**Student:** 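Right, I'll just put the structure down here and ask away after.
Throughout, protein chains are lettered first and strands after them, A, B, ... in sequence-line order, and every chain is numbered starting at 1. These figures come from a predicted structure and were not determined experimentally.
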There are 2 protein chains.
Amino acid sequence: MRSERRDARRTAILEAAYAVLRAKGYRGATMAAVAEAASASKETLYSWFGDKQGLFRGLIEANAAQAQAALTAALAAAPDAVEASLVQFGEALLTLLTGERAVAINRIAAAEADRGAAFGMLLAASGRDSVMPRLAGLMADLELAGVVRLDDPADAADAYLGLLLGDLPVRRIIGVAPPPRKAAIAARAERAARLWLRLYAVTRP
Amino acid sequence: MRSERRDARRTAILEAAYAVLRAKGYRGATMAAVAEAASASKETLYSWFGDKQGLFRGLIEANAAQAQAALTAALAAAPDAVEASLVQFGEALLTLLTGERAVAINRIAAAEADRGAAFGMLLAASGRDSVMPRLAGLMADLELAGVVRLDDPADAADAYLGLLLGDLPVRRIIGVAPPPRKAAIAARAERAARLWLRLYAVTRP
DNA sequence: GGTCAACCGTACCGATGGGTACGGATTTGA
DNA sequence: TCAAATCCGTACCCATCGGTACGGTTGACC
């Protein structure tokens, strides 16, 4: 299959683009540097992706697909207790959002936010807009199980996100916080679930 | 006084720098554009601030002082109930963090996060590191008043920040959310205080 | 009123990076 | 094995931007 090799090459190029992006930032990620890292020519880059924005748009889309898969996997590993799935979901989401990839991509969107918010929109579409439905579903399950009562589901979801993330994503994007360790992520997810349940549980513990 | 005029000129230049920054972003904020907006010469800019980083470092520092003053004012307008001061503090903080100025500055730090985190550090020093003590003090007051019980004050403060901010700052920085209206800010601050009190109140309402 | 420093406007320089063009090599498909 | 398409490497063009130099002008201070 020719398309297989093409796809592999494409992801290899995007991987090289990400490597340069992570090391040098968006403005430092020159097309020449990406081409060299990918052992490709600039002309190939332009022919495949149109321009620099197109290249990194491709990177964002690829990452979005990856992130979706990770979240799906986290939810698929169905735990016995519904509450535990909230923790697992939180861990997966926190791992994604504070990871190097998401941070680097968020920095692109921040740097380009003035020149239209094209990157931001794309990121939001593949980020929040795909996360919230899953979170809503999870919470609906919890409500059906009689664990919690949610008068305003959107509000409750927002509260959970806040408790889970805090200002960590901003500090990551700004560059003042290192990526949290697995243990720290687990602790945060556990704490967020505990506090959130305390807020909305039907029977106050 | 000559220094008065110098100070006024300096703040005028920084104001012009901010205007250009807001309109064009950090990379688009060329020294020439700032000079023109300030009716100054590039040479003056370089002589006063050293280089581009120095200019925007000055902008960040000026903004930090302004923000500190706003928070102090919010806390100084001492309300009768200590709980109300939590709402006032939240409104002030939310107004600051989602405002155009803070967002533009955060975008600088995001764009320059790879090349060392100099801007990020500066921003954190004048931001979180100056906010948290005040929040801690506020919460200590609440505990002394017997309203809440905080086993882990740092944790409680983090939870409050999460409830207050949610992912709004990130969405602002990314450019996908407009600055919230006064009413929305008030609603968020009120909600954060309500939920936080529900979490930590001594007597569950 | 005269002197001196600061400042404005402009012009200039070197470097860099996005985007294009082209020749030679390599792979693809029959 | 041969023709066609693709791709790599390099070189090139052009615009932009950070930073510097300089001459004319203004304003402060004596």
**Student:** Under 3.5 Å, which donor-acceptor pairs do the side chains of residues 105-112 of chain B form with other protein atoms, sequence neighbours left out?
**Tutor:**
| from | atom 1 | to | atom 2 | distance (Å) |
| --- | --- | --- | --- | --- |
| B/N106 | ND2 | B/A102 | O | 2.8 |
| B/R107 | NE | B/I173 | O | 2.8 |
| B/R107 | NH2 | B/R172 | O | 2.9 |

**Student:** Begin from the C-alpha positions of B/L142 and B/W196 and carry the test side-chain contact (heavy atoms from CB on, under 4.5 Å) through to its verdict.
**Tutor:** CA-CA 12 Å; B/L142 283 168; B/W196 188 82; 3.8 Å; yes
**Student:** In residues 9-38 of chain B, which residues come under 4.0 Å of DNA chain D by heavy atom?
**Tutor:** B/T30, B/M31
**Student:** Any ring pair (Phe, Tyr, Trp, His ring centres under 6.0 Å) pairs touching residues 49-69 of chain A, not counting sequence neighbours?
**Tutor:** A/Y26-A/F56
**Student:** Any side-chain donor paired with an acceptor under 3.5 Å for B/T44 and B/S47?
**Tutor:** no
**Student:** Could you pull out all residues at least two apart from A/E36 that satisfy side-chain contact (heavy atoms from CB on, under 4.5 Å)?
**Tutor:** none
**Student:** Taking atom CZ of B/R149 as the centre, report whether more than 12 heavy atoms of other residues, nucleotides or ligands fall under 6.0 Å from it.
**Tutor:** no
**Student:** Once side-chain contact (heavy atoms from CB on, under 4.5 Å) is applied, do any residues pair with A/Q68, and if so which ones, sequence neighbours excluded?
**Tutor:** A/S130, A/R134
**Student:** Which residues, if any, of residues 41-57 of chain B bring a heavy atom under 4.0 Å of DNA chain D?
**Tutor:** B/K42, B/E43, B/Y46, B/D51, B/K52
